[in-house]
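Order of the sequence lines sets the chain letters (A, B, ...), proteins ahead of strands, with each chain counted from 1.
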There are 2 protein chains.
Amino acid sequence: MSGTLEPSIERIHRAETLEDLNGEILALREAFEVEHLVYHSVNSTGEQYAALTYSDEWVDQYLTEDYARIDPVVQGCYRRFHPVDWKNLNWSGKAAREFMGRAQDAGVGNQGFSVPIRGPSGQFALFTVSHQCNDDEWAKYTETRTRDLILMSHFVNQKALEIERGTDITSLQSLSPREKDTLTMLAVGYSRAQAAESLSISEHTLRVYIESARFKLGAMNTTHALARALSMGLLVV
Amino acid sequence: MSGTLEPSIERIHRAETLEDLNGEILALREAFEVEHLVYHSVNSTGEQYAALTYSDEWVDQYLTEDYARIDPVVQGCYRRFHPVDWKNLNWSGKAAREFMGRAQDAGVGNQGFSVPIRGPSGQFALFTVSHQCNDDEWAKYTETRTRDLILMSHFVNQKALEIERGTDITSLQSLSPREKDTLTMLAVGYSRAQAAESLSISEHTLRVYIESARFKLGAMNTTHALARALSMGLLVV
DNA sequence: AATCAACTCCCCATAAATAGCGAGGTTGCG
DNA sequence: CGCAACCTCGCTATTTATGGGGAGTTGATT
C-alpha cells in the first residue's frame, strides 16, 4: 500500500522552499483520495505554517473567531499521541456542535482523521484528511490508510522543520545543568528558599541561575522563563 | 517489508501491562534482526520507563554516571525530529568519545540508529536499534528499515502511553476559559498588572483566576500552576 | 425555579521576588 | 596560558505576589 505514496514522499523530500512544500502537500489530496487535506504547524514561539485545501472564507472565519479554542480536533489531538477519527472526539458542548455545523456549511467533509505530530522545542502540528462519505466507507478508509498517514505526517513535518530552520539541527542555546536544576525545582512548586535548600546552594546562587536562565530565554520574569523552558522542552533529559 | 512486522505490531497492540509490553519490545530484536534494541521514555514529571537489551551493568553505570547528560544520542535526538544514524551525531568532545568507548566495552554495537518520539505534555522517548557490523551493511540496513522503525516507534510509544495512563484519553479537570486566559498571559511574561490590563479586567479579578487555577491544579504558587498547566497540556494553542 | 459554576470587583497585611551593587574559584577548550 | 562559561557566595532597597477575608451578576443545567 505505501508503494503508491513513494512518488509523493520523494517529491516532498526534494522540496526546498515552503512554496514547493505547499504545492506538494496540496497534491497529496490525490494520493490519499480525499476532498480536503490540512497540514498545520505551530511552534513554541507561536509561529505558524499551514498548507490546506479549505476555502479561504472558512480559514478566515476560523482565525478571526479563534475556533482553535473550541475545535475538538485541535483540543483533542493536543492531548493525544495516536491519530484519531473525528467521530471519536468529544463533541458534547454547544460550542463544539455549532462549530461543526459551520464547518459543514463551509464545505469541510463530514468525516475526518487527524494525526498529531510533535517536534523539538515544543513544535506541534496536525496532519488531517477530511472527506464526504458514510461511516462504513470511512472506517474502511482509515483502517487501510492509517499507517500511510502516520508516515506521511512524519515526512511532511520533517521537511517543514528542515525548511523552517535551514537544517535538521536546532542550534539553540541550551541551559546549563544548574539552570535546568533550578527551573526544575521551581516547576515542582518550590519557592526560591526551598529550591536552594534542595539543591544545597545559597538562595543567592540560585537567584543567579534564575536570572541567567531568564536572560538566555529572553524572559521577563521567572514564571515566563519557566513557561518558555517547558514549552521548548528544555527541562527534560 | 512492513509485512514482517505485522505480528509484532499486533502483539504490541494486545499488550495490557508494562510487563507484557516489555516482553514484546525485547522480542522485537528478532523482528528487526539486531543485537540490541532500546525503548526509553521520559515524561515531563521525570518518570521513566525503559525496555532494553543492554547488560544490567551497563544500565547501572549509565544511570549512576548520569550518562544521559553527555550521551550524544540522547542530546542529539532531543533536538531532532527525524531518526538519526549514530554516525551522524556530534562525537567531538572528550566526554562523548570516552562514553562511546565504555559503551563499546559494555557490548553496545558499533552501529546504531535512533528514532526520537514525542507525545503529549512534553513526553519524550527514544526507540533505538544497535548492532555490530560494518558501515556498508549498516547503511543498507537503515535504508530499508527506516520506515519500519518509525512506525514501530510510533506503535510502541502509543501503547506505552496508553498503559501508563490507563486509557488513551486524558480525563483531566480543565480550567475555565478565563483561567486559561490568565495563565496564558502569565506564560508570555506579563505581570499581574499587565495581564489584567490585557484582559480588560481588574488585577483583583485576575488574582482570583490565578488562585482558582492554582487550587484546581494543586499548585503551591503561580509558577507551579503554570508549570503544571503547561505540562498537562491545558494551555492549548 | 433553583442551583452551580463562572465572572467580576474590593481591602489589608505579610511573604516573596526582583534590581542593583560586587567577588572569587573551577573547568574545558583552543 | 588565557579566555569563556560555569558555579558559588553576600548585602540592601524596592516592587510584586500571596493569603485571608467578602459580595454581587450572569448563564447554563437540572
Side-chain angles (χ1 to χ4, degrees), chain A residues 69-70 92-98 171-227 234, chain B residues 66 69-70 72 75 90-99 172-187 189-229 234:
Chain A
R69 291 213 151 173
I70 54 174
S92 67
K94 201 175 111 191
R97 284 190 302 273
E98 285 179 1
S171 56
L172 286 173
Q173 52 187 339
S174 59
L175 300 172
S176 79
R178 277 320 224 184
E179 287 160 352
K180 285 186 201 175
D181 290 341
T182 297
L183 291 184
T184 303
M185 290 299 111
L186 298 180
V188 299
Y190 288 171
S191 68
R192 284 182 169 184
Q194 291 172 316
E197 193 189 345
S198 174
L199 294 174
S200 306
I201 54 178
S202 76
E203 190 178 333
H204 179 267
T205 301
L206 187 108
R207 212 187 67 191
V208 174
Y209 298 144
I210 296 175
E211 289 186 357
S212 56
R214 210 167 55 203
F215 181 77
K216 283 183 180 176
L217 296 167
M220 318 180 81
N221 53 46
T222 305
T223 302
H224 189 199
L226 191 57
L234 263 51
Chain B
D66 204 11
R69 288 207 158 173
I70 54 173
Q75 298 294 325
N90 175 23
W91 292 98
S92 67
K94 201 172 107 191
R97 283 189 303 272
E98 284 178 1
F99 163 76
L172 290 170
Q173 54 182 336
S174 61
L175 300 171
S176 79
R178 278 318 224 185
E179 287 161 352
K180 285 187 200 173
D181 290 341
T182 297
L183 290 184
T184 304
M185 291 297 112
L186 298 179
Y190 289 170
S191 69
R192 284 181 168 187
Q194 291 172 318
E197 194 190 344
S198 174
L199 295 174
S200 306
I201 53 177
S202 76
E203 191 179 332
H204 310 99
T205 302
L206 187 108
R207 215 186 66 190
V208 174
Y209 297 144
I210 297 175
E211 289 185 358
S212 57
R214 208 168 54 206
F215 182 76
K216 283 184 181 176
L217 296 167
M220 320 180 79
N221 53 47
T222 305
T223 302
H224 190 199
L226 192 56
R228 288 186 66 86
L234 264 43

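- Taking atom CG on Leu186(A) and atom P on dA17(C), their separation rounds to 8 Å, with Å as the unit.
- Across the interface with DNA chain C, nearest-nucleotide mapping of Val208(B) and Met220(A) shows Val208(B) to be the residue nearer the 5′ end.
- The shortest heavy-atom contact between Gly189(B) and Gln194(B) is O-OE1, 4.1 Å.
- Between Lys216(B) and the phosphate of dA6(C), there is a side-chain N or O to OP1/OP2 separation shorter than 4.0 Å.
- Within the nucleic acid shown, Thr222(B) comes within 4.0 Å of sugar-phosphate atoms alone, with no base atom in reach, counting heavy atoms only.
- What you find for Glu179(A) and Ser212(A) is that their closest heavy atoms are OE2-OG, 2.7 Å.
- Atom CZ of Arg178(A) is separated from atom C1' of dT27(C) by 15 Å (rounded to the nearest Å).
- Separating the CG atom of Leu206(A) from the P atom of dG10(D) is a distance of 13 Å, rounded to the nearest angstrom.
- Taking the side chain of Tyr209(B) as heavy atoms from C-beta on, and the options dT8(C), dC7(D), dT8(D), the nearest nucleotide is dT8(C).
- At whole-Å resolution of the value, NZ in Lys180(A) and P in dC6(D) are 11 Å apart.
- The His204(B) side chain lies nearest to dC11(C) when the options are dC11(C), dA6(C), dT8(D).
- For the pair Phe215(B) CZ and dC7(C) C1', the interatomic distance rounds to 18 Å; values are reported in whole Å.
- With dA17(C), dC9(C), dC7(C) as the candidates, the nucleotide lying closest to the side chain of Ile201(B) is dC9(C).
- Applying the salt bridge (charged side-chain N to carboxylate O under 4.0 Å, His left out) rule to Glu98(A) yields the partners Arg102(A); only residues at least two apart in sequence or on another chain are considered.
- For the 3.5 Å distance criterion, the side chains of Thr222(A) and Thr223(B) fail to qualify, holding no donor opposite an acceptor.
- Between Asn221(A) atom CG and dA17(D) atom C1' there is a gap of 11 Å when expressed in whole angstrom units.
- OP1 and OP2 of dA16(C) both lie 4.0 Å or more from every side-chain N or O belonging to Ser191(A).
- For Thr205(A), no side-chain nitrogen or oxygen approaches OP1 or OP2 of dC7(D) to under 4.0 Å.
- Nearest nucleotide to the Arg214(B) side chain, out of dG19(D), dA17(D), dC9(C): dG19(D).
- Residue-to-nucleotide contacts include a donor-acceptor pair under 3.5 Å from the side chain of Arg207(A) to the base of dG20(C).
- Residues passing the salt bridge (charged side-chain N to carboxylate O under 4.0 Å, His left out) test with Arg192(A), sequence neighbours excluded: none.
- Atom NE2 in His224(A) sits roughly 17 Å away from atom C1' in dA17(C) (whole-Å rounding).
- Residue Glu211(A) contributes atom CD, which lies 7 Å from atom C1' of dA19(C) at whole-angstrom precision.
- Residue contacts shown for Ser176(B) are limited to sugar-phosphate atoms, with no base heavy atom under 4.0 Å away.
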